Amino acid sequence: MSETVTETATAEDAADDAHEAGAHEHPSDWAYIKIALVLAVFTTIEVLTYFESALPIFENNAVTITTLLVLMVVKFYLVATWFMHLKFDNPIFGRMFLAGLVLATGVYIIALSAFEFWA
Amino acid sequence: MATATLESHDTHDDHGHGTSTGISNTKLAMWTFLGSECLLFGGLISTYLLYKTRRGPGPDNTTIPTDIFDIPFTSVSSFVLLMSSLTMVLALSALTRGDNRATRAWLLTTAMLGGVFIGGQVYEFTAFLREGVGFTHNPASSAFYTLTGFHGVHVSLGIVMLMSLVVASKQGKLTPKNTETVEVVGLYWHFVDVVWIFIFTVIYLIPTE
């Protein structure tokens with residue numbers, strides 16, 4: 001009985017040590033490299049939009065702007081979820097960040113509208 | 001026995017962080033800070049968007065930054081900063097494994113990539129100045145220098161933090177028990193990267209007209 005209690009306590013101590021060290025489940029190095037490769041491909045596509053002659057589809061401004069905004073959001077999401085560990089960490093961290101992000105987006109959309117930026 | 005059970009529950013409830021929320025105060029503070037940084041950069045980006053086409057009133061200050069952007073050059077430095085996020089997570093991963101040598105190597109690589117990015121920014125600013133586009137040239141250039149300059153200062157502070165970690169590691173003060181310290185610096189570094197992802201698209205790549 002006492003041995004069982006000791007073993008449980010040791011396991012809890014180890015878990016606590018891991019928590020104290022800020023540890024949580026981390027992806028493998030290879031997973032990080034794969035994410036970086038995806039980011040590199042997206043960046044290449046972004047840069048290609050500048051060279052209209054490389055891909056004639058980007059001669060259309062609406063296509064270019066939509067592509068750039070979508071790629072930007074996806075890159076932002078990948079870095080935040082994988083490299084910043086929001087995917088694996090306590091959700092409250094993401095909520096704190098999202099609160100600032102949503103507030104900033106809202107405030108500055110209103111500010112830009114007030115200055116007739118979209119006109 | 002009852003006391004032991006109670007103590008055990010207490011330890012479990014705070015998840016080892018010794019906080020009433022059960023999560024790390026340091027990480028929560030960093031995430032809150034990063035949330036507030038969104039407001040700072042949002043303000044600077046919005047200001048640039050409002051002034052990006054405002055040329056000066058005189059004939060000598062009509063050149064705006066978008067006229068002289070060197071997109072291929074900025075693309076390379078953007079790519080360098082993006083890859084520094086990879087080396088940063090690899091540093092954290094190495095520390096989690098207890099591999100101090102690899103941790104130092106990745107931290108140094110991250111700092112060096114950040115240095116390359118800053119070098120690129122200095123080159124870009126110098127090229128602009130050679131074209132006669134200084135900070136007070138016109139409203140567009142003022143907004144551009146303020147935005148990218150603030151970002152550059154953030155990257156520079158990140159490099160100082162990374163170098164401090166390298167020194168701490170060299171002194172043996174960085175162990176797997178301190179992964180949270182590296183993780184928090186990493187969060188700052190990745191944030192600087194995501195802000196640049198936004199700036200690179202909105203300021204440099206989206207066509208003005």
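Just so you know, these numbers come straight off a predicted model, no measurement behind them. Naming convention: chains lettered A, B, ... in sequence-line order (proteins, then strands); numbering from 1 in each chain.
- The shortest heavy-atom contact between A:Ala36 and B:Met83 is O-CE, 3.6 Å.
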Next on the checklist: Using the rule given for side-chain contact (heavy atoms from CB on, under 4.5 Å), can you reason through A:Phe51 versus B:Ile71, listing the C-alpha separation, both sets of side-chain angles and the distance that settles it, and then say yes or no?
Outcome noted: CA-CA 10 Å; A:Phe51 301 101; B:Ile71 299 296; 5.5 Å; no
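- Looking only at side-chain heavy atoms (C-beta outward), B:Leu205 and A:Met72 stay at 4.5 Å or farther from each other.
- For a residue to count as touching a neighbouring chain, one of its non-hydrogen atoms must lie under 4.5 Å from one of that chain's; by this rule A:Ala111 does not touch chain B.
- For chain B, the nearby parts of A:Ile33 are the backbone and the side chain; heavy atoms of each come within less than 4.5 Å.
- A distance of 13.5 Å separates CH2 in A:Trp82 from NE2 in B:His190, rounded to the nearest 0.5 Å.
- For B:Met112, the CE atom sits in a loose shell: 12 or fewer heavy atoms of surrounding residues, nucleotides or ligands are nearer than 6.0 Å.
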Checklist entry - Would B:Trp31 and A:Leu86 count as a side-chain contact (heavy atoms from CB on, under 4.5 Å) if you check the C-alpha gap in whole Å, the side-chain angles of each, and the deciding distance to 0.1 Å? => result CA-CA 10 Å; B:Trp31 276 110; A:Leu86 280 182; 3.4 Å; yes
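- Side chain of A:Tyr108 to main chain of B:Leu39: a donor-acceptor pair is present (N/O by atom type, distance under 3.5 Å, no hydrogens or angles).
- The choice from B:Thr47, B:Val89, B:Thr74, B:Leu34 that makes the most heavy-atom pairs within less than 4.5 Å of chain A is B:Val89.
- Distance check, rounded to the nearest 0.5 Å: CG of B:Asp193 to CE of A:Met84 gives 9.0 Å.
- No part of B:Ile45 comes within reach of chain A, as not one of its non-hydrogen atoms sits under 4.5 angstrom from that chain.
- Crowding of B:Phe69 atom CZ: a count of heavy atoms from other residues, nucleotides or ligands under 6.0 Å exceeding 12.
- For the set A:Phe117, A:Phe76, A:Phe93, the count of heavy-atom pairs under 4.5 angstrom toward chain B peaks at A:Phe93.
- The two residues A:Phe97 and B:Cys38 have their closest heavy-atom pair at CE1-SG, 3.7 Å.
- For chain A, the option among B:Leu40, B:Val184, B:Val202, B:Leu92 with the highest count of heavy-atom pairs below 4.5 Å is B:Leu92.
- Across every non-hydrogen atom of B:Ser46 and A:Leu112, the tightest pair is O-CD2, 3.7 Å.
- In this structure, no portion of A:Ala99 lies under 4.5 Å from any heavy atom of chain B.
- Heavy atoms closer than 4.5 Å to chain B are found in the side chain of A:Asn90, but not in its backbone.
- Taken to the nearest 0.5 Å, the CD atom of A:Glu116 stands 11.0 Å off from the CG atom of B:Leu50.
- Note that CZ of A:Phe83 and CG of B:Leu82 are 7.5 Å apart. Values are rounded to the nearest 0.5 Å.
- Counting heavy-atom pairs closer than 4.5 Å to chain A, the top-ranked of the candidates B:Phe198, B:Phe79, B:Phe200 is B:Phe198.
- Atom CG of residue B:Leu86 and atom CG of residue A:Leu39 lie 9.0 Å apart, to the nearest 0.5 angstrom.
- Taking OG of B:Ser85 as the reference point, atom NZ of A:Lys75 lies at 10.5 Å (rounded to 0.5 Å).
- Heavy-atom pairs under 4.5 Å with chain A peak, among B:Gly186, B:Gly43, B:Ala94, at B:Gly43.
- Residues B:Tyr204 and A:Leu68 are not in side-chain contact: their nearest non-hydrogen atoms beyond the backbone lie 4.5 Å or more apart.
- Neither the backbone nor the side chain of A:Leu78 has a heavy atom closer than 4.5 Å to any heavy atom of chain B.
- Top candidate by heavy-atom pairs under 4.5 Å with chain B, chosen from A:Leu101, A:Ile35, A:Thr43, is A:Leu101.
- At most 12 heavy atoms of other shown residues, nucleotides or ligands fall within 6.0 angstrom of atom OH in B:Tyr123.
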Item to check | Stepwise side-chain contact (heavy atoms from CB on, under 4.5 Å) check, A:Ile92 with B:Leu28 | outcome: CA-CA 8 Å; A:Ile92 198 162; B:Leu28 188 61; 4.3 Å; yes
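- Both the backbone and the side chain of B:Phe191 come within contact range of chain A, each with at least one heavy atom under 4.5 Å from a heavy atom of that chain.
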Item to check | Residues B:Ile206, A:Leu69; criterion side-chain contact (heavy atoms from CB on, under 4.5 Å); working and verdict | outcome: CA-CA 9 Å; B:Ile206 287 185; A:Leu69 290 178; 3.8 Å; yes
